[in-house]
Structures are given as structure tokens and as C-alpha cells.
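One structure below.
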Amino acid sequence: AILNKFIVEIDNYNSDPTQYTIYRSAQPISVLPGNPTLGSWSSATAPDPTVTQLSTSEFTAAYDVSASGSYSGVTVNFDPSYSGQSQDLSGLGYFSFDVKSTVACSTSNPNRCLKLELKDTAGHVAAFSIVTVKTTYSNIAILISTIHSIFPSLDLTHIKEVNFIFENAQ
């Protein structure tokens, strides 16, 4: 019976899609402007992550932050030649990405988790702790207006890099 109702609703939608509001469970992935490069780095107690760029919009990072206090990261660099280049992210509406990890973290187990940083050309940093990362893909979306309201000194029109930092706070 439920399947029949579902099929009827799909048929109704197909006959007149303007009568329906489509709800998404997540924001689409943000498309970053320019041609940024990827870089990796780590603390002295962790190896550099192995970064593989799968496409112009997707990369993976294999990291090991098993040592207490260790961290490693991936930088999306809009200024690879260090010449003052930047990109304008102010018009995105939100900064959104999908993430998963082989080691889940949550508010009840936050020791190995993710921090997101956006840096502008003046050196201002907006940092967000991502307190829930699952072993399956989940979407993280931060409204640009939220970034601006929490970090008003960050110049979203001149972002030089975005850092994904994997850390072990044990």
C-alpha cells in the first residue's frame, strides 16, 4: 500500500512538477572558483597524509593521527605561487562539502576529528570544529552569512586557502 502511494505521488510529480517543493537532505557541494592546488602537512608525531585528487572537485586524504596530540591536514591553496592571489567565496551562499572517515568521531568521542579553516590574504582565520564525522559520507554546510557573522574580520572576497585538519586531541 505504501509503495502504491509513493508511485502515485511520483506520477503526480511527473505530470506537474511545479506543484511540488523538493526537499534535499543536504546542500550541493560548493564549487570552488579558480584552480587551487592541494598540499599536505602534519605535526612531528604524524606522517603527512597521502592526498589523491580524484577529479577537479574531489580528493581523498589517507591520514594517521593515532599518536596522542598529532594532527595532519590538507590545504586547498588558491595562491600556490605565493603572489597574493585569492578567490572570492562571498557569493557562494554556503561552504559545503561531503566527508567521511575510517575513524568516526562525535560529541561523545571527539578526540579524533576534523577542523575546517578558511584563511584570507590578511591572515585572518575562521576555524570551525566539525564534531561529527561518520564512516559514511555526510554533508557539512556552513552558511556564508554565518561565517561572516562569527568571523567579521575574515575577508570572504579574498580567501587564499582552506584547510582540512585531522587531529587527535587525546
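In this chain, numbering begins with 1 at the start of the sequence shown.
Put simply, the side chain of Leu89 reaches to within 4.5 Å of the side chain of Leu32, judged on heavy atoms. The closest side-chain heavy-atom distance from Pro36 to Gln87 is not below 4.5 Å. In this structure, Val65 and Ser70 have side chains that are in contact, with non-hydrogen atoms separated by less than 4.5 Å. Counting only heavy atoms from C-beta outward, the side chains of Cys113 and Val133 approach each other to under 4.5 Å. Counting heavy atoms from C-beta on, the side chains of Leu154 and Leu118 come closer than 4.5 Å. Looking at heavy atoms from C-beta onward, Val162 lies in side-chain contact with Phe95 at the 4.5 angstrom threshold. Looking at Glu167 and Lys115, their side chains come closer than 4.5 Å, going by heavy atoms from C-beta outward. In this structure, the side chains of Ile142 and Leu116 come closer than 4.5 Å at one or more pairs of heavy atoms.
With sequence neighbours left out, Glu58 forms a salt bridge (charged side-chain N to carboxylate O under 4.0 Å, His left out) with no residue at all. Applying the salt bridge (charged side-chain N to carboxylate O under 4.0 Å, His left out) criterion to Lys160, with sequence neighbours excluded, gives no partner residue. The side-chain hydrogen bond (donor to acceptor under 3.5 Å, both in side chains) test applied to Thr136 returns no partner, not counting sequence neighbours. Partners of Ala62 according to the side-chain contact (heavy atoms from CB on, under 4.5 Å) rule, which considers only residues two or more places apart in sequence or in another chain, are Thr50. In terms of the side-chain hydrogen bond (donor to acceptor under 3.5 Å, both in side chains) criterion, residue partners of Ser43 (sequence neighbours excluded) are, by chain and number, Thr45. Partners of Asn163 according to the side-chain hydrogen bond (donor to acceptor under 3.5 Å, both in side chains) rule, which considers only residues two or more places apart in sequence or in another chain, are Thr75, Glu117, Glu161. Partners of Thr157 by side-chain hydrogen bond (donor to acceptor under 3.5 Å, both in side chains), not counting sequence neighbours, listed by chain and number: Asp155.
For residues 62-90, no residue pair satisfies the salt bridge (Lys or Arg N to Asp or Glu O under 4.0 Å) rule, not counting sequence neighbours. Residue pairs meeting the ring pair (Phe, Tyr, Trp, His ring centres under 6.0 Å) criterion with at least one partner in residues 30-73, sequence neighbours excluded, are Phe59-Phe164, Tyr63-Phe166. Under the ring pair (Phe, Tyr, Trp, His ring centres under 6.0 Å) criterion, the residue pairs touching residues 136-160 are Phe128-Phe151, with sequence neighbours excluded.
When every heavy atom of Pro49 is checked against every heavy atom of Gly73, the shortest pair comes out as CG-O, 3.4 Å. Taking all atoms of both residues into account, the shortest heavy-atom contact from Thr121 to Gly84 is CG2-O, 4.1 Å.
Between the side chain of Asp48 and the backbone N or O of Ser42 there is at least one donor-acceptor pair closer than 3.5 Å. Looking at Asn77, its side chain never comes within 3.5 Å of a backbone N or O of Leu38 through a donor-acceptor pair.
Under the 4.5 Å side-chain heavy-atom criterion for Ile, Leu, Val, Met, Phe, Trp and Tyr, Phe78 and Phe97 are members of the same hydrophobic cluster. Residues Ile147 and Ile140 share a hydrophobic cluster, clusters being chains of Ile/Leu/Val/Met/Phe/Trp/Tyr side chains in contact below 4.5 Å.
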Problem - Full working for side chain to side chain contact (heavy atoms under 4.5 Å, CB included) between Lys119 and His124 - result: CA-CA 6 Å; Lys119 291 186 178 182; His124 299 115; over 6 Å; no
Practice task
Could you please spell out the steps behind the side chain to side chain contact (heavy atoms under 4.5 Å, CB included) verdict for Ile144 and Leu156?
Solution key: CA-CA 8 Å; Ile144 294 297; Leu156 288 162; 3.6 Å; yes
Exercise for the section: Quick one: do Ser138 and Thr132 satisfy side chain to side chain contact (heavy atoms under 4.5 Å, CB included)? Show the steps, please. Expected result: CA-CA 9 Å; Ser138 58; Thr132 302; over 6 Å; no
Handout entry: Criterion side-chain hydrogen bond (donor to acceptor under 3.5 Å, both in side chains) on Ser68 and Asn168, from CA distance to verdict
Key = CA-CA 6 Å; Ser68 180; Asn168 182 344; 5.2 Å; no
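Within the model, atoms OG of Ser101 and CD1 of Ile130 stand 13.0 Å from one another, a figure rounded to the nearest 0.5 Å.
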